[in-house]
Number of protein chains: 2
Amino acid sequence: MENLSERYERILNAIVLNYVHSAEPVGSRTLSRNAAFQLSPATIRNVMADLEDLGLLCQPHTSAGRIPTDKGFRYYVDHLMELQELPELPQTVQENIRKACGAHRGNMEEMLKEGIMVLSRLVPYVSVVSLPHFNQTRLKHIRFVRLNDHQIMAILVSDAGSVQNVLFEVDTAFAQDDLNRFSNFLNQMVDGLTLEGVKRKIFTQMEADKNAYDNMMSQVVQLSRKMFDQQADDDSEIMINGKLNILEHPEFADFERMKQLFHAFEEKNIMIKLLDEAQKGEQLQVIIGSENQCEEMNFCSVVMAGYGREGQPMGKIGIIGPTRMEYSRIIPLVRCTADIINQLMET
Amino acid sequence: MENLSERYERILNAIVLNYVHSAEPVGSRTLSRNAAFQLSPATIRNVMADLEDLGLLCQPHTSAGRIPTDKGFRYYVDHLMELQELPELPQTVQENIRKACGAHRGNMEEMLKEGIMVLSRLVPYVSVVSLPHFNQTRLKHIRFVRLNDHQIMAILVSDAGSVQNVLFEVDTAFAQDDLNRFSNFLNQMVDGLTLEGVKRKIFTQMEADKNAYDNMMSQVVQLSRKMFDQQADDDSEIMINGKLNILEHPEFADFERMKQLFHAFEEKNIMIKLLDEAQKGEQLQVIIGSENQCEEMNFCSVVMAGYGREGQPMGKIGIIGPTRMEYSRIIPLVRCTADIINQLMET
DNA sequence: GTTGGCGCTCTATGCCGATGAGTGCTAATC
DNA sequence: GATTAGCACTCATCGGCATAGAGCGCCAAC
């Protein structure tokens, strides 16, 4: 999309702002009254007609005002929003977020949960976050606990503070003391690896070790193997907050559309796909309306940012709202929240 | 409510059945056409007027048919439904449930989750379950894991298969070997107690032990104490499934009402209160419409049954639907599901 | 290039009357 | 005394119609 002339941009900008605010088609007269323009409605109409030809605006029906198309919003986000420098998030709001998240330092899941709760209190949209994939976080501890003769529970602690428990069965009984020795041994062996890495290491070791039946290594490997057989190769987890917020917006007064959207919220896979989309390594992404792959969410936009530690991306946090969303407010908010989370994770 | 004569009961029954099916007010003509009655519309009208005086029926407006009031549904559930013997749940359905839940034996949370998922696939309502309160389940294992010099994670395994992790800080560093010895010692000490009981025991011991600083007992008690300080005295947990089902019913086409209901679903406390209501130790409870304390749910009915082990109640499982609910189908379903869960837990 | 003016389109609103379902009451019937 | 047929009445719903208002496109004039 090549650039528009200044007048065109100003008018497009005004239409977007107006529509974001009112949720109603914007007419030429309304814009003309807006002091900033010294133009008559007729002139504005001409411009609007051109913008419509370019695919940036559309009319719900003849004789209604114009509303921005997805493409119009895209132009606004890419070209116009930056003209007006985005307001830094007020310090009080930043502190608000930092405090909420900071209260749960050490437990990443709680921290992120708190984070999206704050977000959906701050804005009338839905907030969403994908948790770090357990298998890809670094393992801090493995420990085996004997439940009874046949059952053992493995407890995996990642350095992100999350914990996974794996219950598995064994043929021969182990004493807890033995299990403790195994745990210690294993912990040394896997130090600093991701769970993924541990798995690989165990399976290679098993190959190498085929004939040695009695030493510690062999027993540990056997046990770990049993555990990995049980361990759910968990999908990413998603948390959503503030679903009800979205009902306040007139675009979802339509019952069918609302049902579709809520259906999408309930389907974890849809949400995962949404957050994984367009993973171009960009820090902040904005997906507008039908740009997103998921049909149920064609009337929504998503603003999301990656978070992580030491440059390693771990997940995304974002806000979902109607296409008619306050981008200029949401974008700094999401960016800032991701920053705060990054900072909290480094410490 | 004293008993009605047979004719009155038959007409009330017919109105309930009709209304449950159609969601429309039922008129005298409709009933009269129903072959079972040999009565003219006029006669039926007289009966209906009497039932209205008794508060069992009401009219949305003059010249509309009648719909049962909450009181009418209550009479139906208490007196009429049992006349027609409730159909036993078909074997195939029972197997269906048993298979779904049985796949997760040993992990109660998963089992219950699966249970409510099956329920809300079977009926067009919302299913809900309260998880056993962790503090009240018997403890099977405690284990301390050293994370670093200052942090220890305690891992609590209940015999219900659920696990709680408690992260806490200590001033002095412990070696993992010491922690293992503590764990073993503590496990012997608390065998068979609930977490609640362990807590009491630790705190009494602490009193008794005030001056002994060096022995194992004293160290274990200190450590446990630190843990309990951190351990969230968790509220009961609730799981809900099939929220979208409820949108299919015309009573929730009203936007405001729907929003209220979804709000209630999101508020854990409301749901807990709902499930705890009328805890008269009855095996199966039916709460109809405004009988329930929570205003947001005045248009809903709840059918729920307790589940537990060895006679000990642990939680409830139930179905939430519009007041106009298929009680005669839901009640056996909920009862049977609770039975299946009970059986699976005993083994 | 800009503007005022005119005719046109389309939606929203409110009113009207017809329709139909269902009631309550009364008088006749079993 | 219970039951019923009949009738007048009420009320919600729906389609038709006219009106008002917002907004556009186009054209001619500035």
Side-chain angles (χ1 to χ4, degrees), chain A residues 4-12 14-19 21-69 72 250-251 253-254 324, chain B residues 4-12 14-19 21-69 72 250-251 253-254 324:
Chain A
L4 302 171
S5 75
E6 200 212 323
R7 166 178 293 178
Y8 279 57
E9 290 200 335
R10 281 180 60 204
I11 287 181
L12 176 58
I15 291 174
V16 168
L17 293 182
N18 228 294
Y19 179 64
H21 180 254
S22 70
E24 303 269 295
V26 185
S28 56
R29 206 191 183 75
T30 318
L31 286 193
S32 165
R33 269 198 296 269
N34 183 331
F37 299 107
Q38 312 292 28
L39 302 171
S40 74
T43 313
I44 294 177
R45 275 204 289 281
N46 290 332
V47 176
M48 283 162 102
D50 290 348
L51 288 172
E52 183 165 0
D53 289 342
L54 289 169
L56 299 170
L57 298 180
C58 67
Q59 278 179 297
H61 54 86
T62 3
S63 92
R66 301 301 207 296
I67 63 181
T69 59
E251 28 271 275
D254 177 80
R324 178 189 63 81
Chain B
L4 302 170
S5 75
E6 199 212 324
R7 165 178 295 175
Y8 280 57
E9 290 200 336
R10 280 180 58 208
I11 287 181
L12 177 59
I15 292 174
V16 168
L17 293 183
N18 228 293
Y19 179 64
H21 181 254
S22 70
E24 303 270 295
V26 184
S28 55
R29 204 188 183 78
T30 317
L31 288 191
S32 166
R33 270 197 296 269
N34 183 331
F37 299 107
Q38 312 292 28
L39 301 173
S40 75
T43 314
I44 293 177
R45 276 204 288 281
N46 290 330
V47 177
M48 283 163 102
D50 290 348
L51 288 173
E52 183 165 1
D53 288 343
L54 289 169
L56 299 171
L57 298 180
C58 66
Q59 279 179 294
H61 55 85
T62 3
S63 92
R66 301 301 209 296
I67 64 181
T69 59
E251 29 272 273
D254 177 80
R324 176 189 66 79

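Note on naming: letters A, B, ... go to the chains in the order of the sequence lines (proteins, then strands), and numbering restarts at 1 for each one.
Between the side chain of A/Ser22 and the backbone N or O of A/Asn18 there is at least one donor-acceptor pair closer than 3.5 Å. The main-chain N or O of B/Ser40 is never found under 3.5 Å from a side-chain atom of B/Ser32 such that the two would form a donor-acceptor pair. Between the A/Ser28 side chain and the A/Ile44 main chain, no donor and acceptor come within less than 3.5 Å of each other. A distance-only check finds a donor-acceptor pair linking the side chain of A/Thr69 to the backbone of A/Leu56 [under 3.5 Å]. When atom types are taken as modelled, the side chain of A/Gln59 and the backbone of A/Ala64 share a donor-acceptor pair closer than 3.5 angstrom.
The side chain of B/Ala49 approaches C/dG24 more closely than any other nucleotide in the set D/dG23, C/dG24, D/dG25. Which of C/dG22, C/dG4, D/dC24 sits closest to the side chain of B/Arg29 comes down to C/dG22. Which of C/dG24, D/dT3, C/dG22 sits closest to the side chain of B/Thr43 comes down to D/dT3.
If you measure from atom CD of B/Glu52 to atom P of C/dT23, you get 10 Å, rounded to the nearest angstrom. Separating the CG atom of B/Asp50 from the P atom of D/dT3 is a distance of 12 Å, rounded to the nearest angstrom. Counting to the nearest Å, the P atom of D/dG23 and the CD1 atom of A/Ile67 are 14 Å from each other.
For the OP1/OP2 pair of C/dT23 and a distance below 4.0 Å, the side-chain nitrogens and oxygens of B/Ser28 include at least one atom meeting the criterion. Contact annotation: A/Arg7 reaches the phosphate of C/dT2 (side-chain N/O to OP1 or OP2, under 4.0 Å).
The shortest distance between side-chain heavy atoms of A/Ile15 and A/Pro68 falls below 4.5 Å.
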B/S/- contact track for nucleotides 6-16 of chain D, protein heavy atom under 4.0 Å:
B---BBS----
